[in-house]
There are 2 protein chains.
Amino acid sequence: MKIDPNSPADLSAQIASAIRDAIVSGRLIVDERLPSEAELSEQFEVSRSTVREALKRLAAQSLIRTQRGAFGGAFVNRLSYEDAHNGHITTSTVLLGMNNVSFDTACEARFALERACAHLCAERRTADHLATMRAEIVRQAQPGLSDEAFCASDVALHRALVDGAGNPVLSYQLAGAVEAMQPLMNMITFTARDRAEIVRLHGRIADAAEARDGTAVSDALQELEGYTKTLAQSVFAARAKAQSAPAGTAR
Amino acid sequence: MKIDPNSPADLSAQIASAIRDAIVSGRLIVDERLPSEAELSEQFEVSRSTVREALKRLAAQSLIRTQRGAFGGAFVNRLSYEDAHNGHITTSTVLLGMNNVSFDTACEARFALERACAHLCAERRTADHLATMRAEIVRQAQPGLSDEAFCASDVALHRALVDGAGNPVLSYQLAGAVEAMQPLMNMITFTARDRAEIVRLHGRIADAAEARDGTAVSDALQELEGYTKTLAQSVFAARAKAQSAPAGTAR
DNA sequence: AGACGTTTAATTGTCTGACATTCCTTGGCA
DNA sequence: TGCCAAGGAATGTCAGACAATTAAACGTCT
């Protein structure tokens, strides 16, 4: 592993890149201990601070973990589904927030992905998954629920649907998409009438999952997508109208 | 933004976390300049090195970029689809490589996700997307192609299919899944007979996309998934047999 | 006045050396 | 044997210095 001191790129970035390649390609295996910071600084012929900055970059990606004390050091980290999942949510959230992604585009992507596991979920869901979905539906029908709590429950329900497919790789990919949509959903105020319709469609999803009818799950999701889009449209339209109305009508 | 010097967590991790929260929640907006390292070290009451380690963590996630010189500093970075995409591929690749994910599980997830954009692609694909797919199919039929090049072309074709859905959020999510599968696919040696069958199925996908028949695209993907799985199974079985055979037969 | 080079100041990148903190190992002692 | 203290190795943090870079401000010449 070599670096180029004359490259315009930061030395710490180059070092991080070199070590990252070694991890991704499998030359460094899980739980293997990297050389100590002092040894690395000798190998790369840089100071210890530079090595440390490189290691922090890798730690930020959960590729290594560090341990203090004797026989401590930096170890190649086994990337857990949970870590990958959390990173994915952060990235997706920032991506949606920063790139003026329209509600429709995000919504379309989210439901397209979710339908991808409709059939698998219908086939493999356990009683547990179904119970979770039913419980969230009951919660969503309670009148006093705040919009945030309603959205959180919505996420939990869809999460159960995704997990029901019994494929952790799929769960990792999808849960990121579903949860990253939450900030956008939180921007919508749900009237009692809206909630009743959503709960009804959630009920259809649960019924279809119970009956192990994948196509019905998919169809219900499709309808939910349509309803969510029109709902968002009307909320945004109403908000735009309030904006242009005389001052004093705004809160 | 405050940190706790008595927490067991590293100060640099706490600082990175605080700034990350500010970015994700929108309190820091795109292209906004963070205080200089010297100012941050005053605000948080830590040394400049500690601040730098925190900033490197954020840079590793493409959340900030730094610029040297007068009026330089750290700026909130607009996360591009490309950056997000590359990070996603790295994470997915490591995740699959480190967690003993079976070929079947990864394959199932990949095709389930890809089918999610079958209908959208059929509806929206441009002549360009179709041309890319056809070109890759021609390439795949060439006899001299190495296994690596064959797999790369495979990725390019599926990438075109995904992009054909015309939803950048979907592309970001899916391309990660498709490309992360490549190392697993690369482990398979494709015989001429296998390739012919794959090329045939790719042709069916392209035909269906050309006819704007989403269901046909989905069906062809389903068949491709089945074939890929049985192919992998036979390759792995043959390899296991070679393993247990007397030494000398292995390369 | 305008074009063009020079200086200057601000900022990140790197290095050095020191000390604090953590934690496993080792060895002594009851 | 069991417990406790010392040692040592590693990361975490700090302070201060210098190098490299860059854009703005300034001067000078035409």
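A, B, ... follow the sequence lines: proteins, then strands. Residue 1 opens every chain. Bear in mind the structure is a predicted one, so any value in this text is a computation, not a measurement.
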Could you tell me the separation between the CZ atom of A/F75 and the P atom of D/dA9, rounded to a whole number of Å?
16 Å
A/A70 or A/K56: which one's nearest nucleotide on DNA chain D is closer to the 5' end?
A/A70
Validation row: A/T132, A/L157 side chains within 4.5 angstrom (heavy atoms)
no
Between C/dC24 (P) and A/Q67 (CD): distance, integer Å
7 Å
A/I15 pairs by side chain to side chain contact (heavy atoms under 4.5 Å, CB included) with which of A/T50, A/L40, A/D10?
A/T50
Where do B/E53 and B/K56 land on the salt bridge (Lys or Arg N to Asp or Glu O under 4.0 Å) test, with the steps shown first?
CA-CA 5 Å; B/E53 286 178 11; B/K56 294 310 156 209; over 6 Å; no
Do you know which two heavy atoms are closest between A/A177 and A/R110, and how far apart they sit?
O-CG, 4.4 Å
D/dG12 P sits how many Å from A/L55 CG, rounded?
9 Å
Base, sugar-phosphate, or nothing: which does A/T66 touch, judged by heavy atoms less than 4.0 Å apart?
sugar-phosphate
Separation of D/dT13 atom C1' from B/N6 atom CG, nearest Å, is 14 Å
For B/R52 and D/dT13, give me the distance from atom CZ to atom P, rounded to whole Å.
15 Å
Does A/S7 use its side chain to pair, donor to acceptor, with the backbone of A/I3 at less than 3.5 Å?
no
What nucleic acid atoms does B/R33 come within less than 4.0 Å of, heavy atoms only: base, sugar-phosphate, or nothing?
sugar-phosphate
Quick check on D/dG12: is either OP1 or OP2 less than 4.0 Å from any side-chain nitrogen or oxygen of B/T50?
no
Is there a donor on the side chain of B/R68 or the base of D/dT22 sitting less than 3.5 Å from an acceptor on the other?
no
Would you kindly compare A/E53 and B/F71 by the position of their nearest DNA chain C nucleotide and give the one closer to the 5′ end?
B/F71
DNA chain C nearest-nucleotide lookup for A/R48 and A/L11: closer to the 5′ end is A/L11
Can you tell me the distance, in whole Å, between the CZ atom of A/F44 and the C1' atom of C/dC15?
17 Å
Would you mind reading off the distance between A/D10 atom CG and C/dT12 atom P, rounded to a whole angstrom?
12 Å
Could you give the CG-to-P distance, from A/D4 to C/dG13, as a whole number of Å?
17 Å
